[in-house]
There are 2 protein chains.
Amino acid sequence: MNQVSSFLLRIGVTPFSQLSMDTGTPAAADTAKQPRTERGRRTLRKLLDAAAVEFGERGFHEASISGITARAGTALGSFYTYFESKEAIFQALVRDMSEAVKVAAREALAEPAPALERERAALTAFLRFAAEHKEVYRIIDEAEFVDPESYRQHYETTGARILDRLREGARKGELRADLEEAHAWAIMGMNVFLGLRYAVWGEGDLPAEHVAAIAGDLLAKGIAADR
Amino acid sequence: MNQVSSFLLRIGVTPFSQLSMDTGTPAAADTAKQPRTERGRRTLRKLLDAAAVEFGERGFHEASISGITARAGTALGSFYTYFESKEAIFQALVRDMSEAVKVAAREALAEPAPALERERAALTAFLRFAAEHKEVYRIIDEAEFVDPESYRQHYETTGARILDRLREGARKGELRADLEEAHAWAIMGMNVFLGLRYAVWGEGDLPAEHVAAIAGDLLAKGIAADR
DNA sequence: AGGAAACTTGAAACCTGGTTCATGTTTCAA
DNA sequence: TTGAAACATGAACCAGGTTTCAAGTTTCCT
């Protein structure tokens, strides 16, 4: 039906089976009520896709359940067959998208490359992804206020992943040996803000490669004048 | 009464006179209705301080006007003597705080120093400020959804300021000559995320100086292994 | 084929909290 | 001192959106 829909579909056939496993509180283990028939799965998917559009376009509070069901082409009451509340579907969406970002990054890092090269590739992929799915950006960001736990989890996981790469690079002697968590967060912040400025706000004035090259170069040499 | 209050007071005697000048739309020129008596100014200040606490603690949508007036010790109706709506006071607050962050940075950069040194000092000051005023952080962040115009303005201004410093450093031969806007945004993103992780979330586990040293070092040399 | 469980439906109950307003009180300049 | 403008008050109004529910319809297993 649209970009978001196809993007959600691309994630995998059963995104919710992924979601249900990694939750801390047992009570919140399942954000969505599991459908038991094919028809149910279809409706659930329609609701999630519609919610991505509605939340992305109007933000959590401006968005309305009836807006979601209208876009999904289902009755208002059906919503509550699958989600306990507006917050619940938002949470499901955030975790779904967090996963999607992760997958996109993993794909970009599939083949081996020098450590600095990998960071540049990761940023390029992220910028492309952000430009393609601005709603994702917005929804994850808004989670800071609507669902802080998921927000925190998203960035802590992402940061840990970057740190892993840095350590790997250090092990191979390509990066400094003293890199720690703060370095990973610095890089992550860099990436996120460049994404906001050039992928989400920018009208494509600077291509992803160029921005990624600048950041990569900054990581490689710093900004001091050559001695 | 509390940290926020004193922080607001420190900004200057008439923060609102500053606010009223730089608005694009003429309609929204004055976010707050100017009080004409001393009593009025006191009430306005009380409302703003209370709003900072209420919004900081509960977020925009959880926050309620009655919560604000209760904290301020005024009647519900009085609110509308000074602000047209919930959005209006939020906007006033965001611009006020954006200004406050700016001022804090300016103070930290008062005396001259080498360019790289200055960036480190700016980050240290920012981290201290963020730790001291976590509400500020939260409120400015939430502006992305409640008052996007102010949000954008805040970061564009901040980014431009950083770029100025970079250009100045390049002029003096201390920094590379090819620095551009993207570098400034990369540094800004770095700073913001380090602030989120270590000043706002962190329980002070890493001191501001240490985090700033890491970032400063990253800017100076990059993360590649020494050749 | 048959029936229980899964799912759908949309009108209406229900809440919550922003906003208004008519009535008082305080300020302050003349 | 005085009165007009500024400011304070809080009960009541009201809009909008979430959530419920009782009555169907569809699925799917045996």
Side-chain angles (χ1 to χ4, degrees), chain A residues 14 16-17 30-51 53-55 57-93 142 145-147, chain B residues 14 16-17 27-28 30-51 53-55 57-93 142 145-147:
Chain A
T14 53
F16 278 84
S17 60
D30 269 344
T31 308
K33 300 164 187 169
Q34 294 287 355
R36 308 227 165 278
T37 77
E38 185 48 38
R39 180 171 58 147
R41 273 185 289 279
R42 269 202 310 275
T43 306
L44 176 55
R45 164 59 42 74
K46 281 196 291 180
L47 284 172
L48 277 172
D49 289 355
V53 179
E54 175 83 359
F55 284 136
E57 230 164 66
R58 325 217 304 159
F60 181 79
H61 293 280
E62 289 299 302
S64 70
I65 311 244
S66 60
I68 294 172
T69 53
R71 287 181 203 264
T74 73
L76 183 49
S78 293
F79 178 90
Y80 290 89
T81 303
Y82 299 100
F83 298 97
E84 299 215 306
S85 64
K86 199 179 172 185
E87 278 77 16
I89 194 174
F90 188 85
Q91 176 174 91
L93 218 46
E142 194 163 16
F145 307 98
V146 177
D147 180 13
Chain B
T14 54
F16 278 84
S17 60
D30 270 346
T31 309
K33 299 164 186 167
Q34 295 285 353
R36 308 226 167 279
T37 77
E38 185 49 36
R39 178 170 62 146
R41 272 184 291 276
R42 270 200 311 273
T43 305
L44 175 55
R45 165 60 42 75
K46 281 196 291 180
L47 284 173
L48 277 172
D49 289 355
V53 179
E54 175 83 0
F55 284 135
E57 232 165 61
R58 324 220 299 161
F60 182 79
H61 293 279
E62 289 299 301
S64 70
I65 310 252
S66 59
I68 294 173
T69 53
R71 286 180 205 266
T74 71
L76 183 50
S78 293
F79 178 90
Y80 290 89
T81 305
Y82 299 100
F83 299 97
E84 299 216 309
S85 65
K86 199 181 175 185
E87 277 77 15
I89 194 175
F90 187 86
Q91 177 174 91
L93 219 46
E142 195 162 16
F145 307 98
V146 177
D147 181 12

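The CD atom of A/E142 lies 8.0 Å from the CD atom of B/E142; values are rounded to the nearest 0.5 Å.
Judged by distance alone, with hydrogens and angles left aside, the side-chain atoms of A/E54 form a donor-acceptor pair with the main-chain N or O of A/S64 at under 3.5 Å.
When every heavy atom of A/A63 is checked against every heavy atom of A/R58, the shortest pair comes out as N-CB, 3.9 Å. In terms of heavy atoms, A/L93 sits closest to A/A51 at CD2-C, 3.7 Å. What you find for B/P35 and B/G40 is that their closest heavy atoms are CB-C, 3.5 Å.
Note: CD1 (A/I65) to P (D/dT18) measures 5 Å, nearest angstrom. To the nearest angstrom, P of D/dT18 lies 8 Å from CZ of A/F60.
Side-chain contact between B/F79 and B/I89 is present, with heavy atoms from C-beta onward closer than 4.5 Å.
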Filtered N/O pairs between nucleotides 10-13 of chain D and protein, under 3.5 Å:
unit_1 : atom_1 : unit_2 : atom_2 : d
D/dG10 : N7     : B/G77  : N      : 3.0

Take nucleotides 22-30 of chain D nucleotide by nucleotide from the 5' end and write B, S or -, depending on whether a protein heavy atom sits under 4.0 Å from the base, only from the sugar-phosphate, or from neither. ----BSS--
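At most 12 non-hydrogen atoms from other residues, nucleotides or ligands lie less than 6.0 angstrom from CD of B/E84. Remark: B/E62 CD is loosely packed, at most 12 non-hydrogen atoms of other residues, nucleotides or ligands lying under 6.0 Å away.
In this structure, D/dT2 forms a base pair with C/dA29, meeting either the Watson-Crick or the G-U wobble geometry with both donor-acceptor distances under 3.5 Å.
Counting any heavy atom pair closer than 4.0 Å across all strands shown, B/A63 reaches sugar-phosphate atoms only and no base atom. Residue A/T81 is classed as a base contact, given a heavy-atom separation below 4.0 Å to a base.
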Show the numbers, then the answer: is there a ring pair (Phe, Tyr, Trp, His ring centres under 6.0 Å) between B/F60 and A/F145? CA-CA 9 Å; B/F60 182 79; A/F145 307 98; over 10 Å; no
For A/R45 and A/Y82, run side chain to side chain contact (heavy atoms under 4.5 Å, CB included): C-alpha distance rounded to whole Å, both residues' side-chain angles, the deciding distance at 0.1 Å, then the answer. CA-CA 10 Å; A/R45 164 59 42 74; A/Y82 299 100; over 6 Å; no
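The outermost nucleotides of DNA chain C lying under 4.0 Å from heavy atoms of chain B, listed 5' to 3', are C/dG18 to C/dC28.
The aromatic rings of B/H61 and A/H61 sit parallel to each other, their planes meeting at less than 30°, with 60° as the upper class boundary.
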